[in-house]
Amino acid sequence: WHYKDPEPQSVQVVRLAQDRRSTYPAVLQLATSKVMRLADSSMRTVQLTPNGTWGIGRFDAPYRGEVAWGGSKADYYRVNVATGERTLIAKALTRTMGTSPDSKWFLYLEQGKVYAFNLETAQRVQVDASAKRSFVDVDDDHPYELPTYGLAGWSKDGKYVLLNDRFDIWQLALDGSRAVNLTQGVGDAKQIRFRLARLDQAGGRGGRGGGGADGDDASVDLTKPLLFSAYGEWTKQSGYWQAQPGKAPTPLLFGDKAIGQAQKAERGDRVVFTQQSFTEFPDWWATTPSFTTPARVTEANPQLADYAWGSKVLVDYTNSKGVKLQGTLTLPANYEPGKKYPMLVYFYEKMSNTHHQFSSPVYDDRPHVSTYASNGYLVFQPDVVYEIGRPGSSALDCVTSAVKKVIDLGYVDPKRIGLQGHSWGGYQSSFIVTQTDMFAAVVTGAPPTNLMSFYDQLYKQTGTVQQGIMELGQVRMGVDSTPWTAKALYESQSPVHNVQNIKTPFLILHGTADGAVDWVQGLEYFNAARRNGKQVIFLSYPDEPHHLAKKENQKDFQVRMRQFFDHYLTDTPAPKWMTDGVPQVRKGQAEVTPARR
């Protein structure tokens with residue numbers, strides 16, 4: 001391992017077989033039988049335009065080894081396929097959006113502005129200037145260069161590019177002369193996120209083109225009606241809307257369900273889609289292209305009628321910074337208004353978008369909403385937003401603010417609230433338990449717990465060093481914020497450095513073969529808490545990865561987690577593994593009794 005290595009040896013090891021098989025794109029000139037290589041070791045990839053005339057070369061050699069996450073920098077070049085000549089498009093780009101179907105334009109983001117580079121003339125145009133608005137995703141709270149809300153498509157006449165903003169879709173002239181809001185501001189006014197959809201391709205809700213597109217052509221015919229998928233930001237309604245050219249969109253199918261991908265029959269005037277809710281399995285439905293009189297064509301889970309399932313409500317709240325947030329609250333089966341129930345809080349980042357998601361009770365390493373709701377629990381899934389450099393404190397603020405709102409609404413017994421999170425949620429739950437005694441019991445899975453040591457450990461699945469995810473990625477400590485430049489900050493946000501404050505019994509899950517968060521992170525947390533006299537149990541599963549893979553271990557953990565919460569939240573007697581532990585000589589013996597049903 002050498003300090004001049006452009007990529008860590010651990011990355012090279014993971015990619016070794018791939019690198020040995022790798023090739024460089026080349027062109028064969030049929031007239032002369034001459035082969036010309038287009039790429040090299042410094043510019044390893046060249047993507048050809050649809051017509052094969054140009055290539056887009058990605059020259060990343062100057063930026064290899066930089067701390068990055070979610071996208072790395074590169075200089076981009078236009079490559080003449082006939083001659084191999086390279087023409088610089090722009091330097092140090094992180095966010096690019098591809099080439100137009102007519103092979104004329106290359107689209108990219110630079111310093112928050114959207115540019116189109118003309119591959120024929122080598123001139124560039126700022127295409128979003130006339131819109132007098134930014135298309136950068138301000139909802140993204142990471143400290144890297146923020147992306148756009150996405151490319152919606154290209155017009156069939158070759159004159160426009162279609163870009164998403166937070167809620168609406170814009171038609172931007174590629175010469176920079178004009179901008180038209182295709183959805184006429186309805187999305188922003190109603191807080192509905194519109195995205196172009198097409199029925200003639202798989203993945204209809206997120207297709208590259210839009211209504212009126214022909215075949216597999218990625219272009220959009222703006223002279224024909226346009227179809228949009230629609231999602232209500234605060235209502236969680238979803239479905240499909242349509243707009244005639246020059247008109248505002250109107251709903252075709254829109255309601256309190258999660259309306260899934262719609263696809264049109266290759267021959268025939270029929271469309272199929274799925275719809276689901278917390279209580280409705282995502283069966284297939286058939287309808288017309290205008291979504292009139294939809295009819296269900298499958299009934300995959302008729303046995304649902306035999307089970308007590310629960311129901312859902314949305315909870316609006318704000319954190320201490322005044323940010324408006326939501327959570328989805330599952331009410332237990334046979335819910336009685338006015339009665340206060342035990343509650344399990346399960347979270348990650350944004351969770352309210354799961355409001356209409358059907359919850360199949362399956363085996364893995366997280367609590368399943370339908371299982372707990374069927375057994376008398378409230379299950380709350382709140383949203384979390386982040387302040388750069390304060391990931392743990394941000395989670396604490398958002399989660400406790402959300403829980404206080406549910407308490408104020410009268411749903412929950414405030415003395416019977418549990419908390420669970422896994423991976424990134426594991427970090428947050430591990431931090432929260434050091435800061436508040438709001439929760440009666442906490443379960444944390446595969447958690448980063450010592451940000452100081454985690455910074456230099458490996459994400460073994462890819463070989464990358466965790467420095468990128470620490471500074472720029474999910475942990476969000478900030479650009480060039482390191483354990484040496486911000487030691488006090490790192491310690492303040494590390495669960496391990498705050499164990500002395502814990503007042504709550506908690507349970508740690510970690511697999512010894514975790515390739516995402518090293519098992520040592522769970523071990524450090526257990527040892528630190530144990531040394532400080534805290535009530536902590538460490539469930540260490542041999543040879544298991546980041547998420548438990550063996551069914552016997554998934555079942556084992558589900559039973560133990562349920563017993564743990566049942567004891568602290570419903571006064572169920574604790575099994576001996578909780579009260580006494582399990583010596584090595586008894587490992588493998590049946591000491592776990594099934595959770596109550």
Side-chain angles (χ1 to χ4, degrees), residues 6-7 11-12 15 18-66 68 70-111 113-128 145 147-148 150-151 153-163 172-176 208-209 216-219:
E7 294 170 330
V11 173
Q12 296 181 44
R15 297 179 182 172
Q18 175 185 337
D19 288 343
R20 283 174 171 164
R21 296 194 309 269
S22 67
T23 58
Y24 295 122
V27 61
L28 168 65
Q29 301 289 354
L30 296 178
T32 62
S33 297
K34 179 182 178 182
V35 174
M36 179 175 58
R37 196 171 71 177
L38 299 177
D40 54 37
S41 61
S42 296
M43 190 169 77
R44 295 177 288 197
T45 61
V46 176
Q47 296 291 330
L48 296 185
T49 56
N51 65 6
T53 300
W54 307 103
I56 303 298
R58 188 177 186 275
F59 186 88
D60 66 342
Y63 311 102
R64 293 173 194 168
E66 286 190 356
S72 56
K73 292 179 183 176
D75 302 335
Y76 282 79
Y77 287 82
R78 179 192 70 177
V79 179
N80 188 316
V81 173
T83 66
E85 178 189 11
R86 298 176 179 180
T87 303
L88 180 66
I89 296 174
K91 285 182 170 291
L93 297 182
T94 303
R95 308 292 181 184
T96 62
M97 291 168 274
T99 55
S100 59
D102 63 6
S103 304
K104 186 175 180 181
W105 301 94
F106 174 68
L107 199 69
Y108 60 92
L109 183 71
E110 185 176 30
Q111 296 182 345
K113 299 175 182 178
V114 181
Y115 291 92
F117 182 88
N118 190 311
L119 295 170
E120 296 175 353
T121 66
Q123 301 298 310
R124 76 171 190 168
V125 178
Q126 183 187 338
V127 297
D128 60 348
E145 181 183 12
T148 65
L151 171 70
W154 306 80
S155 68
K156 198 171 187 65
D157 60 11
K159 296 180 180 179
Y160 302 95
V161 63
L162 309 181
L163 289 183
L172 306 176
L174 286 163
D175 62 7
R208 293 176 299 165
D216 291 328
D217 187 354
S219 60

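Atom CH2 of residue Trp154 and atom CG of residue Leu162 lie 9.5 Å apart, to the nearest 0.5 angstrom. Here the OG1-CG distance, from Thr83 to Leu38, works out to 9.5 Å after rounding to the nearest 0.5 Å. Taking CG from Leu109 and CE from Met97, the interatomic distance works out to 5.5 Å, rounded to the nearest 0.5 Å.
Among pairs with a residue in residues 29-49, none fulfils ring pair (Phe, Tyr, Trp, His ring centres under 6.0 Å), at least two apart in sequence or across chains. For residues 93-104, no residue pair satisfies the salt bridge (charged side-chain N to carboxylate O under 4.0 Å, His left out) rule, not counting sequence neighbours. Within the structure, the salt bridge (charged side-chain N to carboxylate O under 4.0 Å, His left out) test picks out the following pairs touching residues 44-56 (sequence neighbours left out): Glu7-Arg44, Arg44-Asp60. Applying the salt bridge (charged side-chain N to carboxylate O under 4.0 Å, His left out) test to every pair with at least one member in residues 19-43, sequence neighbours left out, gives these pairs: Asp40-Arg86.
Not a single side chain to side chain donor-acceptor pair (under 3.5 Å) links Thr148 to another residue, sequence neighbours left out. Ser42 is linked by a side chain to side chain donor-acceptor pair (under 3.5 Å) to nothing, counting only residues two or more places apart in sequence or in another chain. Judged as a side-chain contact (heavy atoms from CB on, under 4.5 Å), and not counting sequence neighbours, the contacts of Leu30 are Leu28. A search for side-chain contact (heavy atoms from CB on, under 4.5 Å) contacts involving Thr96 returns Tyr76, Leu93, Phe106, Tyr108, not counting sequence neighbours. By the salt bridge (charged side-chain N to carboxylate O under 4.0 Å, His left out) test, Glu110 is found to be paired with Arg124, residues two or more places apart in sequence or in another chain being considered. With sequence neighbours excluded, the residues satisfying salt bridge (charged side-chain N to carboxylate O under 4.0 Å, His left out) with Asp75 are Lys91. Listed by chain and number, the residues in a side-chain contact (heavy atoms from CB on, under 4.5 Å) with Ala173 are Tyr160, Asp175, Ser177, Arg178 (sequence neighbours excluded). Partners of Thr49 under the side-chain contact (heavy atoms from CB on, under 4.5 Å) rule, at least two apart in sequence or in another chain, are Asn51, Trp54, Thr99, Ser103, Leu119.
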Worksheet entry | Step-by-step side chain to side chain contact (heavy atoms under 4.5 Å, CB included) determination, Val27 to Val35 | CA-CA 6 Å; Val27 61; Val35 174; over 6 Å; no
Discussion item. One pair to check against side chain to side chain contact (heavy atoms under 4.5 Å, CB included): Val114 and Leu107. What are the steps and the verdict?
Written reply: CA-CA 7 Å; Val114 181; Leu107 199 69; 3.8 Å; yes
Discussion item. Under the criterion side chain to side chain contact (heavy atoms under 4.5 Å, CB included), I'd like the reasoning laid out for Asn118 against Leu174: C-alpha separation, chi angles, the key distance, then a yes or no.
Written reply: CA-CA 9 Å; Asn118 190 311; Leu174 286 163; over 6 Å; no
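Here the closest heavy-atom approach between residue Val81 and residue Gln29 is recorded as O-NE2, 3.6 Å. When all heavy atoms of Lys73 and Tyr63 are compared, the pair lying nearest together is O-CD1, 3.6 Å. When all heavy atoms of Val125 and Gly176 are compared, the pair lying nearest together is CG1-N, 3.6 Å.
For the pair Thr94 (side chain) and Gly71 (backbone), a donor-acceptor distance under 3.5 Å is absent. Using a distance-only test at 3.5 Å, with no hydrogens or angles considered, no donor-acceptor pair links the side chain of Asn80 to the main chain of Glu85.
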